[in-house]
**Student:** 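There's a structure below that I have some questions on.
Only this structure's heavy atoms are used, side chains among them; waters, hydrogens and symmetry mates stay out.
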Amino acid sequence: MSANSSPRAQRMAMLAASSATAQQATEPAASTEPSYICTSVTATTVESFLAEIQEAAASGVDIIELRLDFLTDFDPEQHLEKIIKACPLPYIVTYRPVWEGGKYEGPEPERLAVLKMAALMGAPYVDVEFKASPYFFADPHEVPLSTKVILSYHDFKQTPDAAVLNKLATAMRQAGADIVKLAAMANDIGDAARMLDLLRNKDGPMIALSMGERGQIVRLLAAKYGGHLTFAAMSPERASAPGQPDIGRLAGLFNYRKQSAATKVFGIIGNPVAQSKSPLIHNTAFQHIGFDGVYVPLLVDDLERFLAAFKDYDDFAGFSVTIPHKVREAALRAAKDVDPVAAQIGAVNTLIRQADGSFKGYNTDWEAAISAIERGLAGNAGTPAAESPLKGRTVVVIGAGGAGRALAFGAAARGARVLIANRSRDRADALAAALAAQYGSAAAAAVSYEDLAGGRVVGDVLANSTSVGMAPNTEESPVPAAVAGQFKVVFDAVYNPLWTRLLLDAKAGGATPVDGLQMFVGQALEQFRLFTGGSEPPAELMERTVEESMGVKK
């Protein structure tokens, strides 16, 4: 063997020299290799570290990462073997230095010696920083082939471009990595596409992670795209990296271990999306009927940029589109074809990928919202079943975005007169004009937000389509309390919290409150049909699942 051989070449030659070791160390083919769930132990004292190892082992993970750099009382000669022997599961020994985002501030030779010592003690994995690999592999005979070496690279500021990422992965493999690990901060969800591209095109075992909420889908979908493992926290508050999911949601809600290349991906597009119940309601329903799909949160700032970044991902099969309004406007533009009702409304909240890769837009908001309001009115005053309770009524809609347009057109279609109040008056005027063109000049008018807030706009139904009052801003309301009580029925599209400040004020003033959960579940039922190609949704399960998550008792 040449003295100038690369560390990896030397390790591979050593591997081939021992058939028994080769059988132990050879990785299975990427198509059959499982994707593992790993959690990190980060306690600061050896005693609590040992206890946390047992907690991690009982949490349902496959692999435990031992973050030795978090320990403040660690003596390698005294504690390392004790820690390793305490692990009942496969484990990764990591001793991350400050210069790579860790806690260790001591001399490098001592740190690398601990990692080699762990390998000699039988560690299944050790994690070594790519920058330190020349020193770690200075004598490849010091690292047993039975230990898989993870070479890792972290960028906590940004995600490098594709060429840089691919060059890094190749260099890491050549430097001696058994497993390549690349982690980078996602400042836009498009950055996540580059990390998933790494997994799709990998030439060996790889861990690819996007940090931050905008890159969370890389962690949630690593199994689908063949990642060696993904990291999850033992509980939401114990996440060791930005955007890290917790074990229960990853394994249960997102069905991580059952994902495959054939799994279809759906998601909710918007900003914010963390509070959304859409992943809960759709994933629960998918699993209930045995549909091979997963529904994920997609924090998107620019829809066109998102769709461009994922244009080659045909398995991204459909999306729910929520706030802000600019995202919904972009969804309408992005749809090559639009359902006639959605075209009439001029807003879509659902995109479904077609066979040619384009998207068709639908609006599932309007009927769900109008039906909920009609039920509220019917309970308020008896109306013949053959006629909508909205006919001849005046409906005041707050907001002229996608949900506002759905409410306004739906109410007008049922025979109501619609008044639109929006902070931006030009949007209210434009929506009123669109309604008048469709249903006649008497069907709609714009009113000033100031007049509504001052109690100078009267009507039968007040319908809020904005996000005002959504968690965490639960004490906010789009109108003063006295105004809410002036209407017969008050509807709020916000469903988290269920009892918004607007609805509480409406009830206190004698109005019939109609919560946004009814609209949310109703529109989700129709989206489910679109996502699954017409499967009938388990309606009672979907409604009960959301209610239980919000502590609603019936």
Side-chain angles (χ1 to χ4, degrees), residues 188-189 213-214 216-217 266-282 295-307 318-335 342 345-351 359 361-366 368-369 372 397-410 420-424 426-428 430-431 449 463-479 491-498 500-503 515-524 526-527 546 550:
D188 182 86
I189 197 166
E213 189 183 351
R214 287 171 174 79
Q216 190 181 45
I217 58 170
F266 303 87
I268 180 165
I269 291 173
N271 186 358
V273 292
Q275 83 296 336
S276 174
K277 300 294 183 181
S278 291
L280 174 65
I281 196 171
H282 284 295
Y295 187 106
V296 296
L298 300 163
L299 181 58
V300 173
D301 302 299
D302 185 303
L303 182 63
E304 285 96 342
R305 196 162 63 231
F306 165 73
L307 293 177
F319 308 108
S320 310
V321 186
T322 183
I323 56 175
H325 177 58
K326 66 178 181 180
V327 173
R328 285 195 162 186
E329 287 182 322
L332 185 62
R333 294 193 300 270
I345 294 171
V348 302
N349 74 323
T350 311
L351 290 173
F359 287 95
Y362 297 84
N363 192 300
T364 68
D365 277 340
W366 78 273
V397 176
I398 304 175
R405 294 184 70 89
L407 279 163
F409 271 90
I420 302 109
N422 193 66
R423 292 192 184 278
S424 173
D426 58 339
R427 282 188 177 275
L431 177 52
Y449 203 94
N464 174 43
S465 72
T466 75
S467 61
V468 176
M470 179 187 293
N473 303 310
T474 56
E475 287 305 310
E476 295 181 2
S477 176
V479 296
F491 167 80
D492 199 339
V494 173
Y495 66 88
N496 188 13
L498 189 65
T500 61
R501 172 48 52 193
L502 174 63
L503 293 185
D515 62 73
L517 188 60
Q518 298 178 55
M519 173 185 172
F520 172 69
V521 173
Q523 63 82 31
E526 185 55 33
Q527 283 186 338
V546 179
M550 299 179 67

**Student:** Output yes when a side-chain donor or acceptor of Arg214 lies under 3.5 Å from a complementary backbone atom of Leu299, and no otherwise.
**Tutor:**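 Checking the backbone N and O of Leu299 against the side chain of Arg214, no donor-acceptor pair under 3.5 Å is found.
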
**Student:** Determine the minimum heavy-atom distance between Met519 and Ala368, stating which atoms define it.
**Tutor:** O-CB, 3.4 Å

**Student:** Go through the structure and list residues passing ring-ring contact (aromatic ring centres under 6.0 Å, His included) with Phe520, not counting sequence neighbours.
**Tutor:** Tyr495

**Student:** So, the side chain of Asn422 versus the backbone of Ala400: is there a donor-acceptor pair under 3.5 Å, distance only?
**Tutor:** yes

**Student:** If you define the side chain from C-beta out and look only at heavy atoms, does anything of Thr364 sit under 4.5 Å from Asn349?
**Tutor:** yes

**Student:** Mark yes or no for whether Tyr449, through its side chain, and Pro478, through its backbone, hold a donor-acceptor pair below 3.5 Å.
**Tutor:**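 Side chain of Tyr449 to backbone of Pro478: a pair is present.
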
**Student:** Can you list everything that forms a salt bridge (charged side-chain N to carboxylate O under 4.0 Å, His left out) with Glu476? Sequence neighbours excluded, please.
**Tutor:**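 So Glu476 forms no salt bridge (charged side-chain N to carboxylate O under 4.0 Å, His left out) with any residue.
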
**Student:** Nearest heavy-atom pair of Ala342 and Gly361: which atoms, and what distance?
**Tutor:**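 Minimum heavy-atom contact is CB-O, 4.2 Å.
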
**Student:** List the residues meeting salt bridge (charged side-chain N to carboxylate O under 4.0 Å, His left out) with Arg305, not counting sequence neighbours, and say none if there are none.
**Tutor:**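 By the salt bridge (charged side-chain N to carboxylate O under 4.0 Å, His left out) rule, Arg305 matches Asp188, Asp302.
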
**Student:** Could you report the tightest heavy-atom contact between Pro497 and Ala471, atom names first, then the distance?
**Tutor:** CD-N, 3.8 Å

**Student:** Report yes if the side chains of Pro272 and Thr322 come closer than 4.5 Å at any heavy-atom pair, otherwise no.
**Tutor:** no

**Student:** With heavy-atom distances below 4.5 Å as the criterion, would you say the side chains of Phe491 and Leu407 are in contact?
**Tutor:**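 They are in side-chain contact.
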
**Student:** Taking all atoms of both residues into account, what is the closest heavy-atom pair of Gly410 and Trp366, and its distance?
**Tutor:**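 That would be CA-CE3, 3.8 Å.
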
**Student:** Are side-chain heavy atoms of Val321 and Val348 found at a separation under 4.5 Å?
**Tutor:** no

**Student:** Could you tell me if the side chain of Pro324 sits less than 4.5 Å from the side chain of Asn271, heavy atoms only?
**Tutor:** yes

**Student:** Check the pair Gln518, Asp515 against side-chain contact (heavy atoms from CB on, under 4.5 Å), reporting the backbone distance first and the verdict last.
**Tutor:** CA-CA 6 Å; Gln518 298 178 55; Asp515 62 73; 3.8 Å; yes

**Student:** Would you say Arg333 and Leu303 make side-chain contact, with heavy atoms under 4.5 Å?
**Tutor:**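 In short, these two side chains do not touch, never coming nearer than 4.5 Å.
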
**Student:** Once you round to the nearest 0.5 Å, how far does CG of Asn473 lie from OG1 of Thr500?
**Tutor:**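 Going from the CG atom of Asn473 to the OG1 atom of Thr500 covers 12.5 Å.
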
**Student:** Is the shortest heavy-atom distance from the side chain of Met550 to the side chain of Leu517 under 4.5 Å?
**Tutor:**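 SC-SC contact between Met550 and Leu517 confirmed.
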
**Student:** Using the test side-chain hydrogen bond (donor to acceptor under 3.5 Å, both in side chains), find all partners of Ser278 that sit at least two apart in sequence or belong to another chain.
**Tutor:** Ser276

**Student:** Got a second to check how far Leu298's CG is from Ile269's CD1, nearest 0.5 Å?
**Tutor:**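 Rounded to the nearest 0.5 Å, the CG-CD1 separation comes out at 5.5 Å.
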
**Student:** Taking all heavy atoms of Ile281 and all of Ala524, pick out the closest pair and write down the distance.
**Tutor:** CD1-CB, 4.0 Å

**Student:** With Phe359, which residues qualify under ring-ring contact (aromatic ring centres under 6.0 Å, His included), at least two apart?
**Tutor:**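 Once residues adjacent in sequence are excluded, the partners of Phe359 under the ring-ring contact (aromatic ring centres under 6.0 Å, His included) criterion are Phe319.
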
**Student:** Can you find a heavy atom in the side chain of Val479 that is under 4.5 Å from one in the side chain of Leu502?
**Tutor:**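 Side-chain contact under 4.5 Å: yes.
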
**Student:** Step by step, work out the side-chain contact (heavy atoms from CB on, under 4.5 Å) result for Ile323 and Met470.
**Tutor:** CA-CA 12 Å; Ile323 56 175; Met470 179 187 293; 3.9 Å; yes

**Student:** Please report the interatomic distance CD(Glu526) to OG1(Thr350), rounded to the nearest 0.5 Å.
**Tutor:**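 Between atom CD of Glu526 and atom OG1 of Thr350 there are 8.5 Å.
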
**Student:** State, to 0.1 Å, how close Ser465 and Val397 come at their nearest heavy-atom pair, and which atoms those are.
**Tutor:**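 Ser465 and Val397 have their closest heavy atoms at OG-CG1, 4.5 Å.
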
**Student:** Measuring from Gln275:CD to Asn496:CG, what's the distance to the nearest 0.5 Å?
**Tutor:**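 The CD atom of Gln275 sits 6.5 Å away from the CG atom of Asn496.
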
**Student:** Taking salt bridge (charged side-chain N to carboxylate O under 4.0 Å, His left out) as the definition, give me every residue that meets it alongside Asp365, ordered by chain and number, with sequence neighbours left out.
**Tutor:** Arg328

